[in-house]
Amino acid sequence: MPQYYLDRYFVPDDKDIYDMLKACGTSHDKLWMFARGYGILFSSTEPRELMIDALSRLPVDRRKLQEIFLLNSSKDRDEKYSTKSVASSATLDRVTAVINTVRDTRAVAQREEYRFEQPSPGVINIKVGYKEADYSRAEPIQTRDKEVTIQVIQSDGKLKIRHHSNSKAEELVRDIIAKLESVTETKAPISKLDFSGIKDPKIRTRFFQELSQKLAGYIRQDVPTLKVYRLNREATESEDEEDEKMVVAEVKRMFMSGIDVTQSPEYLELEKRGFFISAISWISEHQTDPREHYEFSAEFTNPEDPLDIKYGCLGKYARSDDGTLKKNRATLSAIERDALLGLLDTTAFTIYDGIIGELKKAAPSNGNPSPVVPQLAP
């Protein structure tokens with residue numbers, strides 16, 4: 001790769017710029033705003049890869065190069081969230097004391113920095129900053145500053161823990177719950193949106209369809225993107241060896257993009273073939289304020305073995321003076337985002353509990369647990 005030096009400053013070529021923008025996990029909206037600084041207006045639905053490719057071909061001066069470095073080290077990411085319901089009556093003061101103990105245990109060894117916020121009564125936000133090795137950079141032993149958010153909400157005698165859906169946050173939540181059980185000397189059973197024991201593709205699809213249609217106060221208007229997945233096909237007894245060889249070549253997953261994709265003939269055909277929705281994004285209109293449309297997303301953490309769901313609020317589209325929706329998606333405020341995340345996880349758990357209740361009623365009454373109902377860890 002060619003490298004140029006001017007007045008002792010490193011001057012990157014287009015490949016270097018592409019690598020830097022590709023490596024950083026910066027959100028679509030941040031990239032869009034960065035392009036706008038160049039005077040380039042991308043569509044709000046422009047794929048991230050195409051934006052990066054176009055930006056890497058532009059001339060870069062020292063000021064723009066500094067902006068790219070800041071963008072590359074930004075903590076702003078397209079993060080999705082997961083939620084766990086913890087059967088514990090511990091007060092928020094007790095939870096805060098437990099988290100402080102976890103911090104004292106981990107902070108130095110894990111190089112973590114903790115910040116506490118209480119945006120409203122009954123809610124604690126824990127922001128944990130940490131450094132992670134970045135193997136995508138050319139120079140060795142470089143790190144990237146990252147941050148995860150864990151929100152603890154006290155409601156109806158239980159704790160609801162909402163957190164970024166990544167391994168660091170999962171590890172922290174496990175440590176907090178384990179320490180809480182140790183301090184209170186009582187078990188704190190965890191409920192989550194576990195579909196690993198539900199193999200029926202129609203039920204998995206039903207969950208996402210209902211989630212996108214049953215958000216209180218919102219009417220689904222469009223489903224622009226979908227991911228579908230199919231579990232391993234099981235051969236029947238009637239199939240001979242030649243038939244088995246023929247089914248070795250098969251499609252496991254597919255990404256679909258368009259307008260109201262769930263009603264398209266292509267999707268309906270895949271549904272008949274045993275595919276289920278593993279990820280969905282949808283746009284809903286606010287019932288009390290039709291001028292604003294909100295974009296949501298939800299997906300299985302792992303469609304082959306979906307132990308949890310992750311979801312997010314991607315932003316909102318306002319209307320122009322002529323009544324048409326603006327093409328550029330606006331970022332949500334923290335208050336709006338938290339309110340919508342709360343609506344999402346409340347709706348998701350209600351739908352999930354309804355599905356589990358139906359499966360339990362349909363389960364054999366021989367005293368054995370149903371094989372399709374996830375068994376929660378004690």
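These numbers come from the heavy atoms of this one structure, side chains and all, not from hydrogens, waters or symmetry mates. Note that the numbering runs from 1 along the sequence shown for the chain.
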Nearest 0.5 Å please: distance from the [atom1] atom of [X] over to the [atom2] atom of [Y].
X: Met256; Y: Ile277; atom1: CE; atom2: CD1; answer: 10.0 Å
X: Asp260; Y: Thr262; atom1: CG; atom2: OG1; answer: 4.5 Å
X: Phe116; Y: Ile124; atom1: CZ; atom2: CD1; answer: 8.0 Å
X: Lys80; Y: Ser297; atom1: NZ; atom2: OG; answer: 4.0 Å
X: Ser278; Y: Glu299; atom1: OG; atom2: CD; answer: 7.5 Å
X: Lys316; Y: Glu292; atom1: NZ; atom2: CD; answer: 4.0 Å

Heavy-atom closest pair, residues [X] and [Y]:
X: Leu211; Y: Ala298; value: CD2-CB, 3.8 Å
X: Asn125; Y: Pro119; value: ND2-CG, 3.5 Å
X: Ser165; Y: Thr301; value: OG-CG2, 4.0 Å
X: Tyr130; Y: Glu147; value: CE2-N, 4.0 Å
X: Leu344; Y: Gly312; value: CD1-O, 3.9 Å

Phe207 and Phe195: CA distance, side-chain angles, deciding distance, ring-ring contact (aromatic ring centres under 6.0 Å, His included) verdict | CA-CA 10 Å; Phe207 171 80; Phe195 279 81; 5.0 Å; yes
Salt bridge (Lys or Arg N to Asp or Glu O under 4.0 Å) against [X], all qualifying residues, sequence neighbours excluded:
X: Asp305; value: none
X: Lys158; value: none
X: Lys310; value: none
X: Glu285; value: Arg319

Where the side chain of [X] meets the backbone of [Y], is there a donor-acceptor pair that is under 3.5 Å apart?
X: Gln154; Y: Ala90; answer: yes
X: Ser182; Y: Ala178; answer: no
X: Gln110; Y: Ala107; answer: no
X: Thr205; Y: Lys202; answer: no

[X] versus [Y]: any side-chain heavy-atom pair under 4.5 Å?
X: Ile150; Y: Ile161; answer: yes
X: Lys192; Y: Thr83; answer: no
X: Glu170; Y: Asn166; answer: no
X: Ser88; Y: Leu180; answer: yes
X: Gln221; Y: His293; answer: yes
X: Arg162; Y: Asp345; answer: yes
X: Asp308; Y: Lys84; answer: yes
X: Leu215; Y: Trp282; answer: yes

Using the ring-ring contact (aromatic ring centres under 6.0 Å, His included) criterion, which residues pair with [X]? Sequence neighbours excluded.
X: Tyr311; value: none
X: His164; value: Tyr81
X: Tyr229; value: Phe276
X: Tyr294; value: Tyr218

So Glu117 and Arg115, salt bridge (Lys or Arg N to Asp or Glu O under 4.0 Å) or not? Walk me through it.
-> CA-CA 7 Å; Glu117 299 172 354; Arg115 290 188 294 115; 3.5 Å; yes
Count the heavy atoms belonging to other residues, nucleotides or ligands that lie under 6.0 Å from CG of Asp104, then report whether that count exceeds 12.
->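 Check passes, neighbour count above 12.
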Side chain to side chain contact (heavy atoms under 4.5 Å, CB included) between Leu50 and Ile52, intermediate numbers included = CA-CA 5 Å; Leu50 294 182; Ile52 290 172; over 6 Å; no
same_hphob_cluster(Tyr317, Ile219) at 4.5 Å side-chain heavy-atom cutoff |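 Shared cluster, no.
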Cluster check Ile177, Leu307: I/L/V/M/F/W/Y, side chain < 4.5 angstrom =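 No, separate clusters.
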Hey, are [Y] and [X] close enough side-chain-wise for a donor-acceptor pair under 3.5 Å?
X: Arg220; Y: Gln209; value: yes
X: Ser196; Y: Asp194; value: yes
X: Ser191; Y: Ser85; value: no

Stepwise side chain to side chain contact (heavy atoms under 4.5 Å, CB included) check, Leu172 with Glu112 = CA-CA 11 Å; Leu172 284 162; Glu112 295 170 347; 4.0 Å; yes
List for me each residue that meets side-chain contact (heavy atoms from CB on, under 4.5 Å) alongside Thr225, sequence neighbours excluded, and say none if there are none.
->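 In terms of side-chain contact (heavy atoms from CB on, under 4.5 Å), with neighbours along the sequence ignored, Thr225 is linked to Phe255, Ser257, Ser281.
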Taking Glu304 as the fixed residue, which of Arg204, Lys199, Lys252, Arg230 is the one that meets the salt bridge (Lys or Arg N to Asp or Glu O under 4.0 Å) rule?
->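 With Glu304 as partner, Arg204, Lys199, Lys252, Arg230 yield a single salt bridge (Lys or Arg N to Asp or Glu O under 4.0 Å), made by Lys252.
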Could you tabulate the donor-acceptor pairs under 3.5 Å formed by side-chain atoms of residues 265-273, not counting sequence neighbours?
from, atom 1, to, atom 2, distance (Å)
Tyr267, OH, Glu271, OE2, 3.2
Glu269, OE2, Arg273, NE, 3.3

Verdict with supporting geometry, Gln151 and Asp338, side chain to side chain contact (heavy atoms under 4.5 Å, CB included) = CA-CA 10 Å; Gln151 189 173 64; Asp338 287 347; 3.5 Å; yes
In the hydrophobic clustering that connects Ile, Leu, Val, Met, Phe, Trp and Tyr at side-chain heavy-atom distances below 4.5 Å, which members other than Val123 occupy its cluster, ordered by chain and number?
->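 Under the 4.5 Å side-chain rule, Val123 groups with Ile153.
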Could you check whether the rings of Phe349 and Tyr352 sit parallel, tilted or perpendicular, using 30° and 60° as the cut-offs?
->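 Phe349 and Tyr352: perpendicular rings.
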Which pairs of donor and acceptor atoms, one on a side chain in residues 95-102, lie under 3.5 Å apart (sequence neighbours left out)?
from, atom 1, to, atom 2, distance (Å)
Thr96, OG1, Leu92, O, 2.8
Asn100, OD1, Arg103, NH1, 3.4
Asn100, OD1, Arg103, NH2, 3.4
Asn100, ND2, Thr96, O, 3.3
Thr101, OG1, Ala97, O, 3.0

Test Gln263 against Val223 for side chain to side chain contact (heavy atoms under 4.5 Å, CB included), laying out the working first.
-> CA-CA 9 Å; Gln263 301 302 315; Val223 179; over 6 Å; no
